[in-house]
*Asks:* 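Supplied in structure tokens, the structure appears directly below.
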Amino acid sequence: MSTLITKVRQRQISQLIEKGKRLDDRALTDYREIKIEEGLIERAEGSAKILLGKTEVLVGVKVGTGEPFTDTPNEGVLTVNAELVPLASPSFEPGPPDENSIELARIVDRGIRESKTIDNEKLCIEPGKKVFVVFVDVYVLNHDGNLIDASALAAVSALLNTKMPNFEIKDGEVKIKQGYTPLSLRSHPVTVTIGKIGDKLVVDLGLEEEQVMDARLSMAVKDDGNICAIQKGGSGYFTPQQIIEASKLAQEKAAEMRKKLKW
Amino acid sequence: MSTLITKVRQRQISQLIEKGKRLDDRALTDYREIKIEEGLIERAEGSAKILLGKTEVLVGVKVGTGEPFTDTPNEGVLTVNAELVPLASPSFEPGPPDENSIELARIVDRGIRESKTIDNEKLCIEPGKKVFVVFVDVYVLNHDGNLIDASALAAVSALLNTKMPNFEIKDGEVKIKQGYTPLSLRSHPVTVTIGKIGDKLVVDLGLEEEQVMDARLSMAVKDDGNICAIQKGGSGYFTPQQIIEASKLAQEKAAEMRKKLKW
Amino acid sequence: MSTLITKVRQRQISQLIEKGKRLDDRALTDYREIKIEEGLIERAEGSAKILLGKTEVLVGVKVGTGEPFTDTPNEGVLTVNAELVPLASPSFEPGPPDENSIELARIVDRGIRESKTIDNEKLCIEPGKKVFVVFVDVYVLNHDGNLIDASALAAVSALLNTKMPNFEIKDGEVKIKQGYTPLSLRSHPVTVTIGKIGDKLVVDLGLEEEQVMDARLSMAVKDDGNICAIQKGGSGYFTPQQIIEASKLAQEKAAEMRKKLKW
Amino acid sequence: MNDKQEKLIDKKGIRLDGRKADELRPLKLEVGVLPNADGSAYVEHGKNKILVGVFGPREMHPKHLSRPDRMVLRCRYHMAPFSVQERKSPAPSRREVELSKVIRESLEPALFLELYPRTGIDVFIEVLQADGGTRCASITAAALALADSGIPMRDLVVACAAGKIEDTVVLDLYDAEDKLGAADVPVAYMPNLNAITLLQMDGTLTPEEFEKAVSMATDGCKQIYPMQKEALKTKYMHIKEETQEETEE
Amino acid sequence: MNDKQEKLIDKKGIRLDGRKADELRPLKLEVGVLPNADGSAYVEHGKNKILVGVFGPREMHPKHLSRPDRMVLRCRYHMAPFSVQERKSPAPSRREVELSKVIRESLEPALFLELYPRTGIDVFIEVLQADGGTRCASITAAALALADSGIPMRDLVVACAAGKIEDTVVLDLYDAEDKLGAADVPVAYMPNLNAITLLQMDGTLTPEEFEKAVSMATDGCKQIYPMQKEALKTKYMHIKEETQEETEE
Amino acid sequence: MNDKQEKLIDKKGIRLDGRKADELRPLKLEVGVLPNADGSAYVEHGKNKILVGVFGPREMHPKHLSRPDRMVLRCRYHMAPFSVQERKSPAPSRREVELSKVIRESLEPALFLELYPRTGIDVFIEVLQADGGTRCASITAAALALADSGIPMRDLVVACAAGKIEDTVVLDLYDAEDKLGAADVPVAYMPNLNAITLLQMDGTLTPEEFEKAVSMATDGCKQIYPMQKEALKTKYMHIKEETQEETEE
């Protein structure tokens, strides 16, 4: 609650945006500085920490084994979970995931899933019986706006440095062997969230800007520029024209941001 | 809470009942009009919707497979669940089942179970390993009193049009085959709830009448007129004589109501 | 909350303790009277009830079968659970275990586990597949202080009269046979909790004394006098000297209390 | 039922545990057993061992559950994990939720709830060992615990089941009879008011058998009633007098 | 996709269920179907069967969720256990939590939340049978139920999906098309305001396909809109007049 | 212990990771790392990586948990799912609940709780990577985060474990030593007050070994203490002066 800003401050931000300006002098279509640190968590099979301005998200990837879903017996399982860790913001409370963390996890999940980033069939150990389960845990460490883009980018970064355990099947039993093989990705989706404030489309909203935002549109863009997942959020709306405009902007920004990924 | 009626209204209802009259001109032993619609939910293996006056209950039956209980390895499993769906009444709240929905489910369950309506041994696929699980989900869509009788009748109606998947055992694996076989029922239990208001025994209480009710007695009656399950509810009591009187009335009304079932 | 005592009463207790005296005329290092009743719950594989003054704890031991943990395929499983049953105190509320009952269970668990009281390898039925699971359920029936020592002693008492089911392996299936074999214990740990009130170390605090206690130190002592588990609790502290002093006192009192156990 | 199985009742009308058809199991009732509770009781009914503690009338938590015109009775029937053959999870099962409700409704008719508006009274029932008929034994003990707490009551509530094993209507089924028998009819009863406050049935009875079962169960209750009063002894007498004064005002 | 599998759309542009690419499934809309709710609606959209009840504006429970400057809209999208192929647990899944959120956000732009400070309004959506596109059908029905409750609205919200099966952009996917198709784009729309209030996408579209899908979906919405108004009939007209007066003030 | 297994400590007293018996793992302490928190700290202790954020003193939610005569300290020790070998469910385990309690009780003696009646202060501890001794590293970092928040403190709290591997008492066990060793004794300590605020032990020690372990652990704490102060630097100095003034009043 203590993160709420005053009406005066809200009006100030809106008026600036109307003139194409922002509090921190960025252009409406500029991202804040992005820093990605990979492999920070040695204990995890993959990890990456992103700093997007002051927004900080750590993603850890753990690989386990489990049963496949009955309708996809030859495929491994991808599980994305997001925690809005209470030390990241006075507005986050400890407890089971709320709608915000569930939505965040599902947006990150869809970006990876719909872009077919992971070859799920390669995660199969024994069809119908045993497969690898890839857990992507999004851990928000500081909330200063635009958690979606930061989380999605960190998730792909973490997958990019994920190493899969080697195994062999001996006497019908699966044995984990020494050594690792890098998880090979087939796609590098980047999610771009565009906020609407008044009539303007704005990228990478900060925490205060999010409070004057009418609505947002998050788009996962693949390497070829095609969009593979979208989520509209917020209590406002977009015109069809704004949707098309936003989708073009997203494609442009995604190409820029993809350069931050190393592969 | 907004369903509570005033003390004045309560007195009015009580006084009418005392004279053997009711707000809607029914006799004390009359049910409201009953309409049953079967097979409404094509996706379910069985379904039925009942209108009892304005009380509306939908029951869906799903058939799955699972493990038998260890103490009955040759028997399938019957599971009854009831949801007091929040759109059915301002007094119902979303959330896990409360004592009222649990009691409702267990009364419906006991009527079916104790009348041996389903031949559980016919639900066995592989003794000790795999059996059919019959899920009976009671979904209350509008609450205007007497949910117990409406739910129990709708549940039996839904079971009456339930179709069981065909299966074969091939190489030790169970395969679901095309086509269905109707689930054959061995009994058609009808549950009659009798409320006590002052010294009177009244059947099929409406929502307002339930608020002046001292206590209720719900009795599941089999085709042969024998009672196979009873539940007393409410904060009042019955004399032993009233219990016997109520049981006779229940047998009589059950025979009437059973005519609404089609088989 | 109604168990809270007044500041006046608190001061009275503190001042007495300062003089080496207590409300019930015990010495600072005296336990209240201990009565242990074994085998009270015939349905359980083991049980014991302890009265420590007015503090009353019942422990039941149930033996079931289950899978071993993957990292200890040859070992049975010990599970300790504690319930602060709401009839034991107006300050206990029904609901899932809170931090106090979890801490209590884990202290009792560690005393048994670290003293290697149970030979977990003897609980193995089929390595990696099926083992005995020993459930120790601590049930607090009346809270008058020092639940830790009472619970730990009752748990060991209950294990001492626990009988294990006999079994045989026939055609690869485990069959429980008639008859029982006593569970043999390798150790008889006794947990002694020492409270610090002002500068004094006091044993076996009553409910009121616990409210003036600065901190407590619970130590599980083995038959040979060595300590195998410790837990400091409470919002105060101990000096290193007090810790050593308390550990010596614990060893002394444990030897005394062990005489209450029958084996 | 299995053919090879021993008959639950023999030709002479003697049951497996040696009782006659209309014979109660041994009962032991104790009052005032829990120092911290406002009222308490312990019952051994056959091998059932049940402890009940009563707290209140007291302020309710959470407050919004209180009622401006009456006291709220809350009741929690709970089984210890070690009370049954296979260890029971301590989390309340659906069965326990239902029994908590019907037990509460069996006790409410005995209380003058309107005398203590805005307050709550809690009845905590712990089944330490179960052997068939726990709900009845719980009610018998809960009524004692309520009386022990000093709260005015219209009458004690006493409970006992009847049922049918083989072809015979019998009193007070124990676990094996409950599981293998044909029907079980638990009844709670206020003898002075001739009021049945709990009635359930699992299993089929003919109308004649049903009538006989209800009558046998209430007779069983009438046998237990003096034992309850005995357990309350002078304490109870004292409470009853107070009650009469208050209701006469 | 499996080679042996039947094509979802044939060379003549006819889909497996006989529809053309830009054809809606049959719709049935009913208003005022729940006696106890303040507003309600029932929709059959293809084989989807969805019931919506609205309660409020009313005092909020718990109180601390209320807002001093506006009404709080709460929305619960819930699937009946028997609504899908494999029985669904009644506990809310992560998918249901997410859909409840996006549906709420698709309805909020239609409401004058600031007119009813400190109150709450609840929209309860029950999917009785699901066949692809439940979120859209839910929104269409929820807007009707809100209108039926008499609350002023800027416009109705109407929803419909477009998507891609084989290589064709099509309107209003049903279950099999949703699962086997290449993309699904659910859209909620307020026709009078030309406002898109929900937009999601699963699956890949080229920019051209995406543009076409959005346009096809909003066209679908425009087809459903008159059916909604028809369902509201005179009742709706009445509400609209009130709304206009209020907004003109 | 497995015979084939490498000894945890060799004849020259060198441990598997190259440390001597009484040697600490490398430590890195940072203060003020979280922009949104009122106080924060980050610690790397060996391979443990732990982040702590402090919020408050502030109004408590829910209100009824506040205390009229003092501040309430709440503490949540939580492990990230990826912090351990096998992925951990994010729901708090029994171990985490217990550690939250003992950590809170290790910090309370350092605070002047009575100075801030009716308020609450929250300490959120997130273990990002675990390598044995997380509770001690958490306490060391939590004390720094509290100091960073500007709240007056009697002293810093600093924590470190001693234990026994093979037959030797050693300082600061890492994961493998903790699992394969004979005993682990985590200790929290306020050096200026010579006060032990946390003490646990798992595993058996003789009285002599125990005495040695406690002494070695407090010595370890005394080594870490100046690093804590260094991390707080001028900020801490400022805070300490304030504290002294207040306590002198």
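Letters A, B, ... are given to chains in the order of the sequence lines, protein chains preceding strands, and every chain is numbered from 1. These numbers come from a predicted model, not from an experiment.
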*Asks:* Considering only heavy atoms and a distance below 4.5 Å, find which of C/A220, C/P97, C/A229 pairs most often with chain F.
*Replies:*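 Looking at each option in turn, the highest pair count goes to C/A229.
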*Asks:* Among F/P109, F/S106, F/G203, which has the most heavy-atom pairs under 4.5 Å with chain C?
*Replies:*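 The candidate making the most pairs under 4.5 Å is F/G203.
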*Asks:* So which of F/L107, F/V185, F/T197 has the largest heavy-atom pair count under 4.5 angstrom toward chain C?
*Replies:* F/T197
*Asks:* Which bit of C/S101 comes within less than 4.5 Å of chain F, counting heavy atoms only: side chain, backbone, both or neither?
*Replies:* neither
*Asks:* Looking at C/Y237, I'd like to know if the NZ or CZ of C/K196 sits under 6.0 Å from its six-membered ring centre while staying within 45 degrees of the ring's axis.
*Replies:* yes
*Asks:* Which residue out of C/D214, C/T239, C/L217, C/I102 racks up the most heavy-atom pairs below 4.5 Å with chain F?
*Replies:*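 Of the candidates given, the most pairs with chain F belong to C/I102.
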*Asks:* For C/S151, run the side chain to side chain contact (heavy atoms under 4.5 Å, CB included) check against C/V80, C/L104, C/L58 and tell me which one passes.
*Replies:* C/L104
*Asks:* Side chains of F/Y77 and F/T134: do they bring a donor and an acceptor to under 3.5 Å?
*Replies:*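 Present: a donor and an acceptor within the cut-off.
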*Asks:* Without hydrogens or angle criteria, can the side chains of F/D172 and F/H45 be said to hold a donor-acceptor pair below 3.5 Å?
*Replies:* yes
*Asks:* Would the F/F124 and F/H78 ring centres measure less than 6.0 Å apart?
*Replies:* no
*Asks:* Would you mind checking which part of C/Q251 comes under 4.5 Å of any heavy atom in chain F, side chain (CB onward), backbone (N, CA, C, O), both or neither?
*Replies:* side chain
*Asks:* Supply the atom-to-atom distance C/R258 CZ to C/D223 CG, rounded to the nearest 0.5 angstrom.
*Replies:*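 Result: 4.5 Å between the selected atoms.
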*Asks:* So what's closer than 4.5 Å to chain C heavy atoms on F/E209: side chain, backbone, both or neither?
*Replies:* neither
*Asks:* Sort out for me which of F/T218, F/N194, F/T206 touches chain C most, counting heavy-atom pairs under 4.5 Å.
*Replies:*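 Heavy-atom pairs under 4.5 Å are most numerous for F/N194.
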*Asks:* Could you check which of C/D98, C/D224, C/I244 has the highest count of heavy-atom pairs closer than 4.5 Å to chain F?
*Replies:*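 Heavy-atom pair counts peak at C/I244.
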*Asks:* Any side-chain donor-acceptor pair under 3.5 Å between F/R135 and F/Q200?
*Replies:*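 Note: F/R135 and F/Q200 side chains meet the donor-acceptor criterion.
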*Asks:* Set out, in order, the CA-CA distance, both residues' side-chain angles and the distance that settles side-chain contact (heavy atoms from CB on, under 4.5 Å) for F/K47 and F/Q129, then state yes or no.
*Replies:* CA-CA 7 Å; F/K47 288 185 181 163; F/Q129 180 161 279; 3.9 Å; yes
*Asks:* Looking at F/L198, F/I196, F/V102, F/L113, which makes the most heavy-atom pairs under 4.5 Å with chain C?
*Replies:* F/I196
*Asks:* Taking F/R95, F/E98, F/E108, F/E86 one by one, which has the highest count of heavy-atom pairs under 4.5 Å against chain C?
*Replies:*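 Going by pairs under 4.5 Å, I would pick F/E98.
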*Asks:* So for C/K222, is it side chain, backbone, both, or neither that comes closer than 4.5 Å to the heavy atoms of chain F?
*Replies:* side chain
*Asks:* Quiz question: by atom type and distance under 3.5 Å, do the side chains of C/T193 and C/D149 form a donor-acceptor pair?
*Replies:* yes
*Asks:* Select one option (side chain, backbone, both, neither) describing which atoms of F/A195 are under 4.5 Å from chain C's heavy atoms.
*Replies:*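 Both parts, backbone and side chain.
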